[in-house]
Protein chains: 2
Amino acid sequence: MQLHNTSQYAIRVLNFFANHSDDRLYSAKELAELLSIPYKFLTKIMGILVKAEFIKSIQGREGGYELNKPASQIKLIDILNTFNDETDNESCILGVGICDGHNKCALHDQWMQPKGLLRKMFEETTLENLTSADCKL
Amino acid sequence: MQLHNTSQYAIRVLNFFANHSDDRLYSAKELAELLSIPYKFLTKIMGILVKAEFIKSIQGREGGYELNKPASQIKLIDILNTFNDETDNESCILGVGICDGHNKCALHDQWMQPKGLLRKMFEETTLENLTSADCKL
DNA sequence: TTTAAATTCTACCTTAGAGTAGTAATTGAA
DNA sequence: TTCAATTACTACTCTAAGGTAGAATTTAAA
Ligand code: SF4
Ligand code: SF4
C-alpha cells in the first residue's frame with residue numbers, strides 16, 4: 001500500500017522544480033544532494049522524466065535540468081502512470097479482476113470510498129497545488 | 001498502491017472461512033481450488049496464518065483448517081500486519097520519515113484525508129463486516 | 001584546442017516478493 | 001499394521017523494483 005520508490009523520487013524532484021522556478025538549471029549532482037537521492041539512480045529517473053517531457057535537459061558543461069511545462073499542467077496521476085504505478089485499473093484492493101455490481105469482492109463496499117478519494121487526489125492534484133512552504137524536499 | 005499479493009490471498013482465505021462456519025474442516029487442496037490460489041503457495045500462507053493464530057490446523061488424514069477465533073475478532077489491519085503490509089508507520093505517501101506539523105512533505109495536506117479513511121477501513125473492518133453474499137471468492 | 005562538467009546509454013548487481021519442488025511428519029481409515 | 005491424505009518444513013527458482021558502475025556523448029569555459 002505504497003507508491004513505488006521511483007514515483008516518490010519523481011514527485012519530489014518535480015516538486016522541487018515547481019518550487020524553484022528561478023531562471024536557472026539544476027544539475028543531477030545538485031539535485032541528488034539537495035533531495036538525498038542516490039546520484040546514479042537519480043540520473044536514471046531524470047532520463048525518464050525527460051523522455052516523458054516533464055523535464056527539459058540541457059546537455060554538456062553548464063547543462064542541467066528545468067521544468068518543461070508549467071507546474072499547473074503536471075498532474076500526479078501523469079507522473080505515476082509514467083512509472084506504471086497506480087496505472088492499472090486492476091489496482092483494486094483484492095485484485096479479483098473486472099467487477100460489475102453483482103459480482104464483487106468482499107472488500108468492495110468498504111474500499112469504494114477511500115479509493116474514490118485516492119483517485120481524486122491523484123487526478124486533481126498538480127505540482128502547483130502541492131504544499132511548497134516549510135516542506136521537506 | 002496495492003496490497004501485497006500474499007495479503008490479498010490471506011484476506012480471501014480468512015473471509016472464506018468466515019462465510020463457511022459450518023462445522024467442518026477445509027483442506028488446502030479444497031481451498032486452492034475454490035479460491036484459485038496456487039496450492040503450494042497457499043500451504044505456505046496457511047502456515048503463517050496458523051502461526052499467527054488466525055487459523056487452527058488439524059494435521060494428518062482427514063485433517064484441514066478452520067477459523068481459530070470468531071470472525072468479529074479478526075481485523076483487516078491484523079492480517080496486513082502479519083504480512084508486513086501497511087504495518088510501517090512510514091507507509092506515508094512520500095516516505096520522508098517521521099513528520100511533525102512544521103516539517104511535512106509536499107503531499108501531506110492532500111494525503112491526510114484519504115490516509116485517514118484507509119486507516120479507518122483497515123482498523124475497523126473485521127471479517128464479520130465483509131460482504132458475504134454474492135461475492136467472488 | 002583542450003578540458004572539465006554535465007547528460008546519456010548500456011550493462012550489471014542486489015533485494016524482496018511471488019511462486020515451485022520435494023520431502024518429512026502426522027494421523028485416521030482400511 | 002499398512003497406507004493414503006493431509007499439514008509442516010526446507011530449500012530453491014523467477015521476476016521486477018531498486019540501485020550501481022563505467023564509459024560515451026555533448027558543450028561551454030579556459
Ligand atoms: S469488487 Fe470492487 S473492490 Fe473488489 S476488485 Fe472489484 S472493483 Fe475492486
Ligand atoms: S509529511 Fe505527512 S504525508 Fe508526508 S510523509 Fe510525513 S506524515 Fe506522511
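We name chains A, B, ... by the order of the sequence lines, and we start the count at 1 in each one. Values in this document were obtained by computation on a predicted structure and should not be read as measured data.
- Remark: Glu123(B) pairs with Arg119(B) by the side chain to side chain donor-acceptor pair (under 3.5 Å) rule, at least two apart or across chains.
- With rounding to the nearest 0.5 Å, the separation of CD in Glu124(B) from CG in Leu117(B) is 10.0 Å.
- With sequence neighbours left out, Glu128(A) forms a salt bridge (charged side-chain N to carboxylate O under 4.0 Å, His left out) with no residue at all.
- Whole-Å rounding puts the Glu62(B) CD to dA5(D) P distance at 10 Å.
- Under the rule for a side chain to side chain donor-acceptor pair (under 3.5 Å), Asn5(A) has no partner lying at least two apart in sequence or in another chain.
- For DNA chain D, the neighbouring residues in residues 45-58 of chain B, judged by any heavy atom under 4.0 Å, are Ser57(B), Ile58(B).
- Taking Tyr65(B) as the reference, nothing meets the ring pair (Phe, Tyr, Trp, His ring centres under 6.0 Å) condition, with sequence neighbours excluded.
- Formation of a donor-acceptor pair under 3.5 Å by the His108(A) side chain with backbone atoms of Lys104(A) is not found in this model.
- With sequence neighbours left out, Asp78(A) forms a side chain to side chain donor-acceptor pair (under 3.5 Å) with no residue at all.
- Summarising the geometry, atom CG belonging to Leu31(B) is positioned 11.0 Å from atom CZ belonging to Arg12(B); distances are rounded to the nearest 0.5 Å.
- Applying the side chain to side chain donor-acceptor pair (under 3.5 Å) rule to Glu30(B) yields the partners Arg24(B); only residues at least two apart in sequence or on another chain are considered.
- Residues from residues 20-29 of chain B placing a heavy atom under 4.0 Å of any atom in DNA chain C do not occur.
- The ring pair (Phe, Tyr, Trp, His ring centres under 6.0 Å) search around Phe41(B) returns Tyr9(B), not counting sequence neighbours.
- Ring centers of Tyr26(B) and Phe16(B): under 6.0 Å apart, within the cut-off.
- In this structure Lys56(B) satisfies the salt bridge (charged side-chain N to carboxylate O under 4.0 Å, His left out) test together with Glu66(B), sequence neighbours excluded.
- For the helix from dT1(C)-dA30(D) to dA30(C)-dT1(D), the terminal axes (five pairs an end, C1' atoms, rotation from four pairs onto the next four) enclose an angle of 20°, given to 10 degrees.
- The separation between Leu31(A) atom CG and dA5(C) atom C1' is 15 Å, rounded to whole Å.
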*Sequence-aligned protein contact record of nucleotides 17-26 of chain D, with B where the base is within under 4.0 Å of a protein heavy atom and S where only the sugar-phosphate is*: -SBBBBB--B

